[in-house]
Amino acid sequence: MSEISQVRQAIARLMQQREPVLDQLLRGKPFIAAQVYERYKACGNKTCKCHSGELHGPFLWIYQRKKDQKLISTTVDGPKEAEAKRLAASYQHWLACRQQLRELDQQIQRRLDELEGYLEQDARAYVTRRKPGRPRKAVAAEDGRT
């Protein structure tokens, strides 16, 4: 019986860990589902220094690929750089919380599977000893009807 208690306590601890993670997701801040990063580039001028290895930049670049939407891969508008970085960081935090929630849910499911093994009773104890087939005849009711 102590194993069942330990499994139940483990599930309770995991649920306590899960609650603040879910709360963070539910109270999530706005984000952009994109990557924002610095990038160096070469220009089209063949006599420029960038063709010998010294690239231009860094430029703040935004990259987003969503299903059924056009790919975004370009530089960030100068005045919006700080906000784009902040919103992209918020998205990374969102993704990390979702992953943590997924892992906690998997651990809870494993513990529930373990608990199921302890609680499950053998169905053979409830099986009739007679051969399956026709049901028993109904017992006549007190008023004489069958």
Side-chain angles (χ1 to χ4, degrees), residues 1-45 48-139 141-142 146:
M1 195 61 148
S2 68
E3 289 109 2
I4 292 174
S5 178
Q6 289 175 354
V7 172
R8 287 178 176 152
Q9 289 173 4
I11 292 171
R13 282 191 302 272
L14 289 167
M15 292 298 287
Q16 286 175 342
Q17 292 174 20
R18 185 183 188 277
E19 189 175 326
V21 176
L22 182 59
D23 189 54
Q24 283 185 24
L25 288 169
L26 294 176
R27 298 177 190 273
K29 297 176 182 173
F31 58 78
I32 53 174
Q35 296 173 352
V36 176
Y37 56 95
E38 290 183 348
R39 181 175 172 185
Y40 292 83
K41 288 191 71 171
C43 68
N45 185 351
C48 184
K49 63 182 180 179
C50 65
H51 286 281
S52 62
E54 196 176 327
L55 299 175
H56 299 285
F59 302 104
L60 197 59
W61 205 262
I62 189 167
Y63 179 85
Q64 181 185 52
R65 169 169 270 159
K66 283 188 162 184
K67 187 176 181 178
D68 300 329
Q69 289 186 9
K70 188 176 178 182
L71 171 72
I72 296 173
S73 181
T74 188
T75 56
V76 175
D77 187 22
K80 297 182 179 178
E81 286 183 354
E83 185 179 4
K85 282 182 181 180
R86 183 182 57 78
L87 291 172
S90 182
Y91 180 59
Q92 293 304 314
H93 178 71
W94 171 265
L95 290 177
C97 286
R98 293 243 354 228
Q99 179 62 31
Q100 187 178 3
L101 185 66
R102 219 177 344 260
E103 290 169 3
L104 286 167
D105 285 344
Q106 288 172 352
Q107 290 177 39
I108 290 169
Q109 288 300 318
R110 282 193 295 270
R111 291 299 189 154
L112 287 171
D113 290 344
E114 191 177 341
L115 184 61
E116 182 179 5
Y118 288 123
L119 296 176
E120 183 180 10
Q121 300 294 309
D122 189 2
R124 288 178 284 196
Y126 302 94
V127 173
T128 182
R129 301 223 184 269
R130 59 187 184 84
K131 290 186 179 180
R134 295 164 95 189
R136 292 183 184 169
K137 289 185 180 178
V139 178
E142 290 180 354
T146 57

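For the numbers below, each heavy atom of this structure counts, side chains included, while hydrogens, waters and symmetry mates do not. Since the model is a prediction, treat every value here as computed from it, not as a measurement.
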Qualifying ring pair (Phe, Tyr, Trp, His ring centres under 6.0 Å) pairs, either residue in residues 67-91, two or more places apart = F31-Y91

Separation between [atom1] of [X] and [atom2] of [Y], rounded to the nearest 0.5 Å:
X: I62; Y: K85; atom1: CD1; atom2: NZ; result: 12.5 Å
X: E54; Y: C48; atom1: CD; atom2: SG; result: 8.5 Å
X: R18; Y: L14; atom1: CZ; atom2: CG; result: 10.5 Å
X: I108; Y: D113; atom1: CD1; atom2: CG; result: 12.0 Å
X: R98; Y: R102; atom1: CZ; atom2: CZ; result: 5.5 Å
X: Q109; Y: I11; atom1: CD; atom2: CD1; result: 9.0 Å

State, to 0.1 Å, how close [X] and [Y] come at their nearest heavy-atom pair, and which atoms those are.
X: I4; Y: L115; result: CG2-CD1, 3.8 Å
X: A88; Y: V36; result: CB-CG2, 3.6 Å
X: V7; Y: R111; result: CG1-O, 3.4 Å
X: Y40; Y: G57; result: CE2-C, 3.5 Å

Would you say the side-chain atoms of H51 pair up with the backbone N or O of C43, donor to acceptor, closer than 3.5 Å?
-> yes

Is the number of heavy atoms from other residues, nucleotides or ligands under 6.0 Å of Q92 CD greater than 12?
-> yes

Give the C-alpha distance, both sets of side-chain angles, the deciding distance and a yes or no for side chain to side chain contact (heavy atoms under 4.5 Å, CB included) between L55 and K41.
-> CA-CA 5 Å; L55 299 175; K41 288 191 71 171; 6.0 Å; no

Which pairs, with at least one residue in residues 24-38 and sequence neighbours excluded, count as a side chain to side chain donor-acceptor pair (under 3.5 Å)?
-> D23-R27, Q24-H93

Would you say the side-chain atoms of E103 and Q99 include a donor-acceptor pair closer than 3.5 Å?
-> yes

Let me see the working for F59 and V76 under side chain to side chain contact (heavy atoms under 4.5 Å, CB included), right down to the final yes or no.
-> CA-CA 8 Å; F59 302 104; V76 175; over 6 Å; no

